[in-house]
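Following: one structure in structure tokens, then a few remarks.
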Amino acid sequence: MKDIRYEELANRLLTYSIKIQKGENILIEIIGEQGIPLAKELIKKAEELGARPYFNIINYEVLREFLKNADEEQIKMYAKHDKARMEDMDAYIGIRATENDAELNGISKEVMELYNKYYTIPVHFEQRVKHTKWCILRYPNKSMAQKSKMSTEEFEGFFFRVCNLDYEKMSKAMGKLKELMNKTHKVHIIGKGTDLSFSIKGIPAEKYAGTFNIPDGEVATAPVKNSVNGYITYNTETNYNGIVFHNIRFEFENGKIIKATADKEKELNEILDTDEGARYIGEFAIGINPYIEKPIGDTLFDEKIKGSFHFTPRR
């Protein structure tokens, strides 16, 4: 029996999230073959709406093999062709359906830096983010269910409740929080292992309600660069380039992270030393998704937990 939840999600992504128009080119990119059922629904619906869909499938096991011994020239060539395709697109939907989030673990730090610099930044941050209408989401596979400590059926129910909610209605309800944040000059947060103060004066707050990420639900701004002082202890895990971090704690002085500790302290500080801006905060946001009530180990979900906030270094 056909699962109409996929049809509903495909329709929401195309007509609300990216507002696809007749004649537009859209790239549907699947990371992991398990996302193919949703990709098929997106292609079918895009054609019904008069758009021109294209697709790309990325397998992380193959990508890992490529990256093991890749040099700068190979990565640049790989990026060159994907960037050219992205330049032809008006819209993009990315489906993350990997079976193993840690598939790229073990690739050297130097190679991952080359990959981020010469592939991820030009193809996605410079071209896709700046020049297409885009939205990214996960896929409810067994891997995500296991990570979330749920049965597959239970996780699928959770996933579709979160992803198929009425984001247009949510966006309207977020207006008062946005207004409050825009009137706020100073923020002081006190909690277990946390005493943090900073200014958000003059930095406009934005609503995120299903137009870039699914699931969604946050109102975000950023601290004035040199205003952050105190310390914060994070109570959820986070994943960066395949490395999972727990018990992260930052100490700030005049905006800069002057001390960073975690279970993988060396790796954390290597990330923060990537460039001059990495030890400063790029986002302060409050999560408000009513169906996300606890962390599941995936940032795309965890940063939307109702009643939560996140405080994110620049990347």
Side-chain angles (χ1 to χ4, degrees), residues 96 98 100-110 112-113 116 138 143-150 155 158 162 187-198 200 213 215 217-223 225-289 291-315:
R96 306 298 189 253
T98 55
N100 182 1
D101 284 346
E103 197 64 61
L104 299 184
N105 277 15
I107 301 298
S108 73
K109 174 177 174 287
E110 292 74 21
M112 288 307 301
E113 286 179 353
N116 287 331
R138 302 288 190 262
S143 174
M144 280 210 70
Q146 184 178 38
K147 187 166 76 170
S148 306
K149 298 179 175 59
M150 301 183 198
F155 181 76
F158 165 73
V162 169
V187 179
H188 189 187
I189 300 172
I190 300 174
K192 185 177 180 180
T194 298
D195 189 342
L196 194 66
S197 62
F198 54 93
I200 57 173
N213 291 319
E218 62 179 280
V219 181
T221 182
K225 182 178 179 180
N226 299 317
S227 71
V228 185
N229 285 286
Y231 53 91
I232 180 173
T233 304
Y234 295 83
N235 60 1
T236 63
E237 67 181 44
T238 190
N239 185 313
Y240 185 83
N241 278 350
I243 303 173
V244 179
F245 295 92
H246 296 86
N247 303 317
I248 293 176
R249 185 180 188 275
F250 291 150
E251 292 184 21
F252 295 87
E253 185 176 292
N254 298 327
K256 186 175 183 179
I257 299 169
I258 58 170
K259 184 177 181 181
T261 59
D263 61 331
K264 297 181 179 69
E265 192 168 317
K266 177 177 178 290
E267 292 86 346
L268 176 62
N269 280 280
E270 285 176 350
I271 294 168
L272 295 173
D273 290 334
T274 300
D275 56 49
E276 188 176 341
R279 285 185 178 267
Y280 291 84
I281 296 297
E283 182 182 49
F284 164 61
I286 296 174
I288 53 85
N289 191 302
Y291 294 123
I292 307 178
E293 300 180 304
K294 62 182 180 180
I296 65 170
D298 187 287
T299 302
L300 194 59
F301 285 77
D302 294 350
E303 65 182 6
K304 315 303 189 318
I305 296 170
K306 67 177 182 180
S308 70
F309 78 91
H310 53 277
F311 205 60
T312 313
R314 298 178 181 182
R315 294 189 288 262

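Position 1 is the first residue of the sequence; numbering continues from there. Worth knowing before you read on, the calculation uses all heavy atoms, side chains too, and leaves out hydrogens, waters and symmetry mates.
Here the closest heavy-atom approach between residue Leu300 and residue Lys304 is recorded as O-NZ, 2.8 Å. Shown here for Pro313 and Ile257, the closest heavy-atom pair between the two residues is CG-CD1, 4.3 Å. A pairwise comparison of heavy atoms in Ser308 and Glu303 identifies OG-O, 4.1 Å as the closest pair. Listed here is the closest heavy atom pair of Ile288 and Glu218: CG1-N, 4.1 Å. A pairwise comparison of heavy atoms in Asn229 and Asn254 identifies OD1-N, 2.8 Å as the closest pair. Counting all heavy atoms, side chain and backbone alike, Ile200 lies closest to Pro223 at CG2-CA, 4.2 Å.
Between atom CG of residue Asn105 and atom CE of residue Met112 there is a gap of 9.5 Å, rounded to the nearest 0.5 Å. In this structure, Asn235 CG and Thr194 OG1 are separated by 8.0 Å, a value rounded to the nearest 0.5 Å. Atom CZ in Arg138 sits 11.0 Å away from atom OG in Ser143 (nearest 0.5 Å). Note: Ile281 CD1 to Ile232 CD1 = 7.5 Å, rounded to the nearest 0.5 Å. Interatomic distance, OG1 of Thr274 versus NZ of Lys109, reported as 6.5 Å (0.5 Å rounding). Considering OG1 of Thr236 and NZ of Lys294, their distance stands at 14.5 Å, rounded to 0.5 Å.
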* To do: Step by step, work out the side chain to side chain contact (heavy atoms under 4.5 Å, CB included) result for Thr299 and Thr238.
  => CA-CA 7 Å; Thr299 302; Thr238 190; 3.8 Å; yes

* Would you please test Met144 and Ile296 for side chain to side chain contact (heavy atoms under 4.5 Å, CB included) and show each step? => CA-CA 9 Å; Met144 280 210 70; Ile296 65 170; 4.2 Å; yes

* To do: Show your working on side chain to side chain contact (heavy atoms under 4.5 Å, CB included) between Ile189 and Phe284 and close with a plain yes or no.
  => CA-CA 12 Å; Ile189 300 172; Phe284 164 61; 3.9 Å; yes

* Derivation of the side chain to side chain contact (heavy atoms under 4.5 Å, CB included) call for Ile243 and Lys264 -> CA-CA 9 Å; Ile243 303 173; Lys264 297 181 179 69; 3.5 Å; yes

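The number of heavy-atom neighbours closer than 6.0 Å to NZ of Lys147, taken from other residues, nucleotides and ligands shown, is above 12. Heavy atoms from other residues, nucleotides or ligands lying under 6.0 Å from CD of Gln146 number 12 at most. Other residues, nucleotides and ligands contribute more than 12 heavy atoms inside 6.0 Å of the CZ atom of Phe245.
Side-chain contact between Asp195 and His188: present, with at least one pair of heavy atoms (C-beta onward) separated by less than 4.5 Å.
Thr233 contributes no side-chain N or O that, together with a main-chain N or O of Arg249, makes up a donor-acceptor pair within less than 3.5 Å. Remark: side-chain polar atoms of Asn226 are not paired, donor with acceptor, to backbone N or O of Gly255 under 3.5 angstrom. Asn289 places no side-chain N or O within donor-acceptor distance of the main-chain N or O of Gly217, the cut-off being under 3.5 Å.
Of the candidates Pro215, Pro295, Ser148, Phe301 forms a side-chain contact (heavy atoms from CB on, under 4.5 Å) with just one, namely Pro215.
Counting only N and O atoms by type, the side chains of Arg279 and Asn269 include a donor and acceptor under 3.5 Å apart.
Taking the six-membered ring for Trp and thresholds of 30 and 60 degrees, Tyr234 and Phe250 have ring planes more than 60 degrees apart, a perpendicular arrangement. Between Phe311 and Phe252, the ring planes lie perpendicular to each other; the angle is over 60°, past the 30° to 60° tilted range.
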